Amino acid sequence: MRIVDVIAKKRDGHALSHEEIKFFVEGVTAGTVPDYQSSALLMAIVIRGMTHEETAWLTDAMARSGDRVDLSDIPGVKVGKHSTGGVGDKVSIVLAPLAASCGVVVPKMSGRGLGHTGGTLDKLESIPGYRINLTIDEFKRVLRDVGTSIIGQSASLAPADKKLYALRDVTATVESIPLIAASIMSKKLAEGSNALVLDVKCGDGAFMKRVQDAQALAEAMVSIGGHAGVRTEAFLTDMDSPLGSTIGNALEIVECIDALKGAWTADLTTVVVRLSSRMLVLGGVESDAAAATARVTQALASGRALQTFARMIEAQGGDPRVVDDPSLLPTAPGRARFEASRSGFVARMKAEALGRASNMLGAGRSAVGDPVDHAVGIITLVKPGDRIERGQPLLALHHRDGRGLNAALALCADAISIGDEAPVPRAKLLGEVR
């Protein structure tokens, strides 16, 4: 078999065989397929597409290119969770201990923020001492003892994906639903869960701006999961405006702690309760949505969910006192306000611009390896549809010595639109794929 023939076959619009896809991925992993030929095949896939079957084969080959986590010795159904990313997306940090406190084992390997989206690992690392680089044995120990663990992705999982993603990033081949789906799912399948809940974001602050594209990605990933024997379900959730009321690492941890104490915004409540309830059903803890929702609500009210979060923090080397004393988290010295230029209604709060504004303050990174200031960020004081008056504070910017402040304020001005009438409310849950 020659890789040039595989490239030509896809270039001409034909479906690749299982063996051809396996040959390609094995060659990428071993280094026997050069980058220029890998890039040529990736571009052919972008232009010609892949069937669900081809995408499933590609995902399986990528998942098998490295180590796979074996969680079979941990009792219970292991239910994983993945988000495609957004602005203020702190769902995993609330959901994992919440579902675990209800009896579901939730293994979670997460990534860092890049571009305008925040990363779960960056947020957790704002907790003093929290370790994200656990060994697999340590990861499994925390899962046994606590019921959940959130760590960084192991370098030994799906190494073919890392090589292909690096090529896609510099060859204009990122925007392909089969390639995006295979990249995400190869890592999730290697993590060892029995079931998987996907949070596919859609809107201004998401990678998928249009509902139809988010739907197509969700369908592709659910199909891949089913093909691999992992029960997979996806929720389409809105990311046109930031989720919750904070953007930035330590600020979002404070909001997560408040949420686990029962004090949270309606949009974050809607997403977390729906997804965690579904995880309880998939994990066999409850048989229907009503019973699962009731159990989730009780776990919050009783303090069990918060206690589970504290136990996870402590088990991973962090200071569990932060759940009772958030002042132990990093705090930025500077404050600035963005005020309404006129009276009216908040017509829109564009998530991407606000995410970029937070990054200008130092909360995110433009390139892998850039340092992150865990203390800085933005607190949103209003939501779309709110009635406001001229001069009313709409955003509170937490900054360090004015770094990036002027650029951030300019982005805030671009993000917020004020109208004479309240906009039509956007639902946070846009659909489901099973």
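Positions are given from 1 along the sequence. If you're wondering where the values come from, they're calculated on a predicted model, not measured in any experiment.
Ion pair Glu233/Arg231 flagged as a salt bridge, since at least one NZ, NE, NH1 or NH2 atom sits closer than 4.0 Å to an Asp/Glu carboxylate oxygen. Taking 4.0 Å as the cut-off between side-chain N and carboxylate O, Lys188 and Glu191 count as a salt-bridged pair. The pair Glu26-Arg64 does not meet the salt-bridge criterion, since no charged nitrogen lies less than 4.0 angstrom from a carboxylate oxygen. Under 4.0 Å is where a charged nitrogen must lie from a carboxylate oxygen, and between Lys140 and Asp137 no such pair does. Salt bridge Glu339/Arg337: present, at least one basic N to carboxylate O contact under 4.0 Å. A salt bridge between Arg278 and Glu432 is absent, with no side-chain N of the basic residue lying under 4.0 Å from a carboxylate O of the acidic one.
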message: Working note: Lys108 + Ile151, criterion side chain to side chain contact (heavy atoms under 4.5 Å, CB included); need CA distance, chi angles, decisive distance, verdict.
response: CA-CA 6 Å; Lys108 182 84 175 77; Ile151 66 170; over 6 Å; no

message: For Thr246 and Glu255: C-alpha separation, side-chain torsions, deciding distance, then whether side chain to side chain donor-acceptor pair (under 3.5 Å) applies.
response: CA-CA 7 Å; Thr246 55; Glu255 186 177 5; 2.4 Å; yes

- request: Take Lys209 and Asp204 through the test salt bridge (charged side-chain N to carboxylate O under 4.0 Å, His left out) and record every step on the way to the result.
  value: CA-CA 6 Å; Lys209 309 293 186 187; Asp204 181 79; 5.2 Å; no

task: Decide yes or no on salt bridge (charged side-chain N to carboxylate O under 4.0 Å, His left out) for Asp73 and Arg144, but give the supporting numbers first.
output: CA-CA 10 Å; Asp73 56 341; Arg144 284 193 192 92; 2.7 Å; yes

task: Output, in order, the C-alpha distance, side-chain angles, deciding distance and verdict of side chain to side chain contact (heavy atoms under 4.5 Å, CB included) for Ser176 and Ile45.
output: CA-CA 8 Å; Ser176 162; Ile45 291 170; 4.2 Å; yes

field: side chain to side chain contact (heavy atoms under 4.5 Å, CB included) evaluation trace for Ile416 with Leu395
entry: CA-CA 10 Å; Ile416 296 183; Leu395 305 168; 3.7 Å; yes

message: Please determine whether side chain to side chain contact (heavy atoms under 4.5 Å, CB included) holds for the pair Val94 and Trp264, giving the CA-CA distance in whole Å, both sets of side-chain angles, and the decisive distance to 0.1 Å.
response: CA-CA 11 Å; Val94 180; Trp264 49 2; 3.7 Å; yes

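Here the closest heavy-atom approach between residue Asn249 and residue Gly119 is recorded as OD1-O, 4.4 Å. When all heavy atoms of Ala315 and Arg141 are compared, the pair lying nearest together is O-NH2, 3.9 Å. Heavy atoms only, all atoms of each residue included: Pro330 and His374 are closest at CG-CB, 4.2 Å. Scanning all heavy atoms of the two residues, the minimum distance from Thr232 to Gly225 falls at OG1-CA, 3.3 Å. Minimum interatomic distance between Ala181 and Met221 (heavy atoms only, all atoms of both residues): CB-CG, 3.7 Å. When all heavy atoms of Met349 and Pro242 are compared, the pair lying nearest together is O-CD, 3.7 Å.
Each of Met109, Arg68, Met62 was evaluated against Leu157; a single residue qualifies, Met109, per the side chain to side chain contact (heavy atoms under 4.5 Å, CB included) test. Tyr130 pairs with exactly one of Val322, Ile253, Leu124 by the side chain to side chain contact (heavy atoms under 4.5 Å, CB included) rule, that one being Leu124. Checked options Leu243, Asp89, Val273; the residue passing with Leu268 is Leu243 (criterion: side chain to side chain contact (heavy atoms under 4.5 Å, CB included)).
Side-chain atoms of Lys428 never come within 3.5 Å of backbone atoms of Arg426 as a donor-acceptor pair (strictly under, hydrogens ignored). A donor-acceptor contact shorter than 3.5 Å is absent between the side chain of Asp238 and the backbone of Gly203. No donor-acceptor pair closer than 3.5 Å links the side chain of Glu219 to the backbone N or O of Ala214. Within the 3.5 Å criterion, the main-chain N or O of Pro97 finds no donor-acceptor partner in the side chain of Arg311. Looking at Arg304, its side chain never comes within 3.5 Å of a backbone N or O of Ala301 through a donor-acceptor pair. Between the side chain of Glu314 and the backbone N or O of Ala310 there is no donor-acceptor pair closer than 3.5 Å. When atom types are taken as modelled, the side chain of Lys201 and the backbone of Ser83 share no donor-acceptor pair closer than 3.5 angstrom. The closest donor-acceptor contact from the side chain of Arg168 to the backbone of Thr173 lies under 3.5 Å. Lys162 places no side-chain N or O within donor-acceptor distance of the main-chain N or O of Ala160, the cut-off being under 3.5 Å. At distances below 3.5 Å, not a single donor-acceptor pair connects side-chain atoms of Ser193 with backbone N or O atoms of Leu196.
One finds the OG atom of Ser186 at 4.0 Å from the CG atom of Asp161 (value rounded to the nearest 0.5 Å). Between the CZ atom of Phe309 and the CG atom of Leu98 there is a distance of 12.0 Å, given to the nearest 0.5 Å. Remark: Ser39 OG to Leu167 CG distance equals 4.5 Å, nearest 0.5 Å. Atom-to-atom distance recorded for Asp373:CG and His399:NE2 is 11.5 Å, nearest 0.5 angstrom. A distance of 9.0 Å separates CD1 in Ile180 from CZ in Phe207, rounded to the nearest 0.5 Å. The distance from the CZ atom of Phe139 to the CD1 atom of Ile74 is 7.5 Å, given to the nearest 0.5 Å.
Other residues, nucleotides and ligands contribute more than 12 heavy atoms inside 6.0 Å of the NZ atom of Lys261. The local environment of CZ in Arg321 is sparse, with at most 12 non-hydrogen atoms from other residues, nucleotides or ligands closer than 6.0 Å.
Two residues are said to be in side-chain contact when any heavy atoms from C-beta on lie closer than 4.5 Å; Asp325 and Leu328 meet this criterion. Contact check for Pro384 versus Arg348: no side-chain heavy atoms found under the 4.5 Å cut-off. Between Lys81 and Val91 the shortest side-chain heavy-atom distance falls below 4.5 Å. Two residues are said to be in side-chain contact when any heavy atoms from C-beta on lie closer than 4.5 Å; Val79 and Val106 fail this criterion. The shortest side-chain heavy-atom distance between Thr84 and Leu217 falls under the 4.5 Å cut-off.
Residues passing the ring pair (Phe, Tyr, Trp, His ring centres under 6.0 Å) test with His52: none are found, sequence neighbours excluded. By the salt bridge (charged side-chain N to carboxylate O under 4.0 Å, His left out) test, Arg403 is found to be paired with no residue, residues two or more places apart in sequence or in another chain being considered.
Side-chain contact check for Ser277 and Thr293: at least one donor-acceptor pair (N or O, by modelled atom type) lies under 3.5 Å.
Relative orientation of the Trp57 and His227 rings is perpendicular, given thresholds of 30° and 60° on the angle between their planes.
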